[in-house]
Amino acid sequence: MEGEQLLPADGHVHAEFSWDAPRGSLERTCARALELGLPGLAFTEHADFVQAFADQRRLDVDGYAGAIERCRAAFPALRIVLGVEIGEPHWFPADAAKVLADAPFERVLGSVHCFGGPAGAVDWSQSMPKAERPADLMRDHLREMLSLVESTARFDVLAHLDYPKRYWPQDAGPFDEAPFEDEYRNLLRAAARRGAVLEVNSTRGMDPARGLCPGPSPLRWWREEGGVAVAFGSDAHSPDALAAGFDSARQAVEAAGFRPARDPLDYWRR
Ligand SMILES: [Zn+2]
Ligand SMILES: [Zn+2]
C-alpha cells in the first residue's frame with residue numbers, strides 16, 4: 001500500500017537442523033516472525049559437504065522437512081518456505097543433487113564459504129582475519145563464486161556474494177569494493193545471464209560496513225549488469241537475529257533501484 005513500509009520476508013534463516021546453529025529453533029523463530037510482523041520467512045538450513053570444522057555434519061533432510069510441516073500446522077498465519085543453503089554445490093554435484101531430490105525445496109541458496117577445494121577446504125572465517133594479502137584472497141573468493149555461477153549446480157539465489165568481507169582483517173582498514181570492481185561486474189554479469197537472484201545478506205545485524213554482503217556499490221552494479229531481482233536474508237542462526245539489519249539492507253536495495261513485489265514473499269525487482 002502507498003506509504004506503508006512493507007517488511008520483506010526473511011529469506012535466509014537457520015535453526016536446529018543447521019550444524020552451526022546450537023541456539024537455533026524453528027518453532028521459536030516462527031513465533032519471533034509473528035512478533036515482528038513478518039509476512040513469512042524461508043528456512044535455509046545448511047547442506048555442507050566439506051569438512052572445514054570438526055563438528056560439521058550432514059543435513060537430516062527428512063527430519064527437517066517433517067519439522068517444517070509441523071511448523072506450518074502450528075503457525076497457520078505465517079508463510080513458511082522450505083529452503084536450503086548448499087555450500088560449494090559445484091564441488092559436490094552428486095551430493096547436492098541428492099539433497100535436492102530428497103525434499104520439495106522451494107528456495108535454494110548457492111554459497112561459497114571455503115577455499116582450498118573439496119578435499120582441503122578452509123572456511124574464510126578462519127583464514128581471512130589473519131591474512132597478509134587479503135585483497136588476493138578476496139579475488140580468489142570472487143573467482144570461486146564465478147565458478148559456482150558458471151557451473152550447472154542448481155540454485156535460485158546467490159547468497160552473501162562477498163562473504164569474506166565479514167572477516168576482512170581489522171588492521172587492513174575498512175573493506176572497499178572499488179579495487180575489485182572488474183571482478184564483481186564480471187561475476188554479476190554471469191549471475192544475471194543464468195537468471196539468478198542476488199541476495200543482500202545483513203549478517204545478523206552486524207555493522208553494515210562489514211556485514212552487508214554485498215554493500216551499496218555491488219548492488220548498483222548488479223542492476224547495471226542486467227540483474228533483475230534481489231532477495232533479503234539476515235542469516236540468523238537464532239530467533240533473536242531474525243530480520244536483523246534489514247533497515248540498512250533495504251535502504252541499499254532501494255537506492256540501487258529495486259522495488260518491493262506485490263507479494264511480500266517474492267523477490268524485489270527493478
Ligand atoms: Zn552461508
Ligand atoms: Zn546461512
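Just so it is clear, the values below take in all heavy atoms, side chains as well, and ignore hydrogens, waters and symmetry mates. Read the numbers this way: they start at 1 and go in the same order the structure lists the ligands and their atoms.
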- [ ] Have a look around the Zn ion (ligand 2) and list protein N/O/S atoms under 2.8 Å, or say none.
- [x] His12 NE2, His14 NE2, Glu85 OE1, Asp235 OD1

Open item on the list: Between Trp19 and Asp55, is there a side-chain donor-acceptor contact under 3.5 Å, judged purely by atom types and distance?
Closed with: no

Task: Short N-O contact, Asp207 and Arg166, less than 4.0 angstrom - done: no

Open item on the list: Using side-chain heavy atoms (C-beta onward) and a distance below 4.5 Å, is Tyr167 in contact with Gln126?
Closed with: no

Task: SB check Arg139 Glu183 (cutoff 4.0 Å) - done: yes

Task: Pair Glu177-Ser217, side-chain donor/acceptor within less than 3.5 Å - done: no

Residues 190-197, side-chain donor-acceptor partners within the protein, below 3.5 Å, at least two apart:
{"unit_1": "Arg194", "atom_1": "NE", "unit_2": "Val149", "atom_2": "O", "d": "2.9"}
{"unit_1": "Arg194", "atom_1": "NH1", "unit_2": "Ala153", "atom_2": "O", "d": "3.2"}
{"unit_1": "Arg194", "atom_1": "NH2", "unit_2": "Val149", "atom_2": "O", "d": "3.4"}
{"unit_1": "Arg194", "atom_1": "NH2", "unit_2": "Ser151", "atom_2": "O", "d": "2.7"}
{"unit_1": "Arg194", "atom_1": "NH2", "unit_2": "Ala153", "atom_2": "O", "d": "3.1"}

